[in-house]
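Working notes, beginning with the structure itself.
None of these values were measured; they are calculated from a predicted model. Hydrogens, waters and symmetry mates play no part in the numbers below; they use all other heavy atoms, side chains included. Order of the sequence lines sets the chain letters (A, B, ...), proteins ahead of strands, with each chain counted from 1.
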Amino acid sequence: MPEAPEVEVVRLGLASGLTGRRFAEVAVGRDRVVRRTSRTALIAGLTGARVDEVDRHGKYLIIGLDTGRSAMIHLRMSGQVLLVDGDAGAPAHTHVDARLDDGRRMLFVDPRTFGEVVVFDPMRVADEVPELARLGPDPLRDGLDLAALRAGLRSRRRALKPLLLDQSFIAGIGNIYADEICHRARLRPTRRSDGLGLAAERRLASAIVDVLREAVAAGGSTLSDAQYVGVDGRPGEFQREHRVHARPGARCSTCGRGRIRRSTVAQRGTYHCPVCQR
DNA sequence: AAACAAACCTGTGCGC
DNA sequence: TGCGCACAGGTTTGTT
C-alpha cells in the first residue's frame with residue numbers, strides 16, 4: 001500500500017513528466033473519486049492549467065498549478081497515478097484521464113475507489129482539505145528533529161505503533177513501515193511511547209529516517225497484491241528488504257534467534273520479533 | 001486523551 | 001473446479 005516512500009517515487013515521476021506541461025483535456029469516469037467537490041470542479045480546475053511543481057506531504061501529492069490553485073491526489077490503498085502515451089489503452093478502474101499538451105496522459109486508477117483527486121485553493125487549505133493542514137512533519141522532506149520527537153513521544157502516551165501511524169504525529173508512515181521501523185529500532189510495537197529513554201528514542205529517530213530513505217531508494221514496496229506501481233507501471237523492490245512485515249515465522253535477521261510473530265495492534269496486522277524487540 | 005469499532009470498496013486467496 | 005467469505009488497508013467518524 002502506498003505510504004510516503006511509494007508516494008515519493010510517484011512524485012519524482014510526476015515532477016519529471018508533468019512540470020511545465022498543461023492539462024489539455026480532462027475526463028472523469030467515476031464521481032466517487034471527486035466526491036469532495038464535483039466532476040465539473042475537477043475538470044474546470046485542471047483544464048488549461050500548467051503544472052509549476054509537484055510536491056508531497058506524507059501520503060498526499062500536491063500538484064501546484066499556475067492558476068494559483070493546487071491539485072491534491074491521495075492514493076489511499078489501491079490508487080495509482082500513471083503517465084502513458086496518448087494512444088495507450090486505459091486500464092480497468094481508470095477514473096481520471098487527463099491529456100497533457102505534449103500528447104501524453106496522466107491517469108488516476110483505483111479499483112477500491114478510496115483514493116481521491118481534488119483541486120483546492122492553498123490559501124484556504126484548512127477549510128478545503130483540513131486533513132492536509134493537520135499533518136505532522138514529513139521525515140523525508142523535513143528531516144526529523146530529535147528534541148521534537150522526544151517531546152512528542154513523551155506527551156502523547158500511546159502505544160508506539162499507533163502513534164507512528166498517526167499522521168498528525170509524523171506524516172507518511174503506514175502499516176508496512178511502522179512495522180519495519182519498530183523492528184529496526186528494536187522496539188515492541190505495543191511499547192508505550194512515554195518513558196522510552198534517550199537511547200531508544202535515538203534509535204527510533206534513526207530508524208524512521210533510514211527505513212523511509214532506503215525504501216525510496218529501492219523504488220518503494222510492492223506487496224503480492226501488486227497495488228503499488230510507479231508512474232511508469234513498474235513495481236518497487238523494497239519488499240525484498242522487509243525484515244518483518246508479512247513474514248510470519250521467518251527467523252529474525254537482527255538477533256537470529258526469534259521467529260517473526262503476527263499479531264493485531266490498533267486493528268492492523270502487525271509483525272515483530274518477540275526476542276529482540278522490547 | 002486514547003482506545004476501539006465501523007464504514008468506505010473490491011480483488012485476492014483461502015477453505016471446503 | 002467452483003463457491004463463499006474473510007481479509008487487506010488509509011482515513012474519518014462515532015462511541016466508550
Side-chain angles (χ1 to χ4, degrees), chain A residues 1-8 10-11 29-37 56-62 72-81 91-96 108-118 120 125-136 138 151-182 188-195 212 215 220-229 235-236 238-239 242 244-249 262-271:
Chain A
M1 304 301 137
E3 304 179 25
E6 290 75 30
V7 180
E8 175 65 9
V10 171
R11 185 192 74 78
R30 189 155 167 177
D31 288 310
R32 184 169 151 74
V33 304
V34 293
R35 58 194 175 277
R36 191 180 302 245
T37 54
R56 180 190 59 78
H57 193 165
K59 304 167 192 171
Y60 295 74
L61 277 170
I62 316 279
M72 182 280 274
I73 301 178
H74 199 301
L75 306 174
R76 283 298 208 282
M77 292 177 285
S78 58
Q80 302 175 343
V81 179
H93 309 293
T94 295
H95 305 311
V96 176
F108 179 76
V109 181
D110 187 3
R112 292 177 211 175
T113 69
F114 283 21
E116 68 166 315
V117 185
V118 64
F120 70 100
V125 61
D127 293 321
E128 298 186 7
V129 193
E131 67 271 36
L132 198 49
R134 287 195 298 259
L135 290 176
D138 182 306
L153 288 166
R154 287 158 188 231
S155 66
R156 305 174 79 157
R157 309 171 149 214
R158 301 181 64 182
L160 193 51
K161 177 166 176 180
L163 186 54
L164 291 175
L165 292 173
D166 183 338
Q167 302 300 299
S168 71
F169 182 64
I170 295 173
I173 299 172
N175 202 41
I176 295 171
Y177 295 109
D179 282 356
E180 293 298 321
I181 287 166
C182 286
R188 254 189 304 115
T190 51
R191 179 79 178 269
R192 293 282 302 236
S193 67
D194 50 328
L212 296 178
S221 298
T222 298
L223 298 183
S224 55
D225 61 5
Q227 290 298 353
Y228 163 72
V229 295
F238 193 67
Q239 66 281 1
H242 289 180
V244 289
H245 189 80
R247 302 190 61 206
R262 186 190 196 281
S263 61
T264 299
V265 177
Q267 299 176 275
R268 292 286 176 266
T270 297
Y271 301 86

(message) Minimum heavy-atom separation for A:Pro189 and A:Pro162, please, with both atom names.
(response) O-CD, 4.2 Å

(message) I need the single residue from A:Lys161, A:Arg268, A:Glu180, A:His245 that forms a side-chain hydrogen bond (donor to acceptor under 3.5 Å, both in side chains) with A:Asn175. Which is it?
(response) A:Lys161

(message) Strictly under 4.0 angstrom, non-hydrogen atoms only: write out the protein contact profile of nucleotides 4-16 of chain C, one letter per nucleotide from the 5' end, B, S or -.
(response) ----BBBBS----

(request) May I ask you to decide if A:Thr222's main-chain N or O and A:Gln239's side chain share a donor-acceptor pair within less than 3.5 Å? (result) yes

(request) Report the C-alpha separation of A:Arg56 and A:Val10 in whole Å, then their side-chain angles, then the decisive distance to 0.1 Å, and conclude whether the side chain to side chain contact (heavy atoms under 4.5 Å, CB included) test is met. (result) CA-CA 10 Å; A:Arg56 180 190 59 78; A:Val10 171; over 6 Å; no

(request) Report the secondary structure of DNA chain B in dot-bracket form, marking unpaired bases with a dot and bases paired to a different strand with |, and treating Watson-Crick or G-U pairs with both distances under 3.5 Å as paired. (result) .|||||||||||||||

(request) Please check the phosphate of B:dC9 (OP1 and OP2 only) for any side-chain N or O of A:His93 closer than 4.0 Å. (result) no

(request) Mind checking salt bridge (charged side-chain N to carboxylate O under 4.0 Å, His left out) for A:Arg134 and listing every partner two or more places apart, or none if nothing turns up? (result) none

(message) Can you list everything that forms a salt bridge (charged side-chain N to carboxylate O under 4.0 Å, His left out) with A:Arg11? Sequence neighbours excluded, please.
(response) A:Glu8

(request) Identify the heavy atoms of A:Ala178 and A:Leu164 that sit nearest to each other, and give their distance. (result) O-CD1, 4.2 Å

(request) Assign the ring pair A:His242 / A:Tyr177 to parallel, tilted or perpendicular, where the plane angle (0 to 90°) is split at 30° and 60°. (result) perpendicular

(request) Quick one: list whatever passes side chain to side chain donor-acceptor pair (under 3.5 Å) with A:Lys59, sequence neighbours left out. (result) none

(request) Write down the atom of A:Asp110, the atom of A:Leu75, and the distance for their closest heavy-atom approach. (result) OD2-O, 4.3 Å

Protein and nucleotides 1-3 of chain B: nitrogen or oxygen contacts under 3.5 angstrom:
residue	atom	partner	partner atom	Å
B:dA2	OP1	A:Arg157	N	3.0
B:dA3	OP2	A:Arg158	NE	3.3

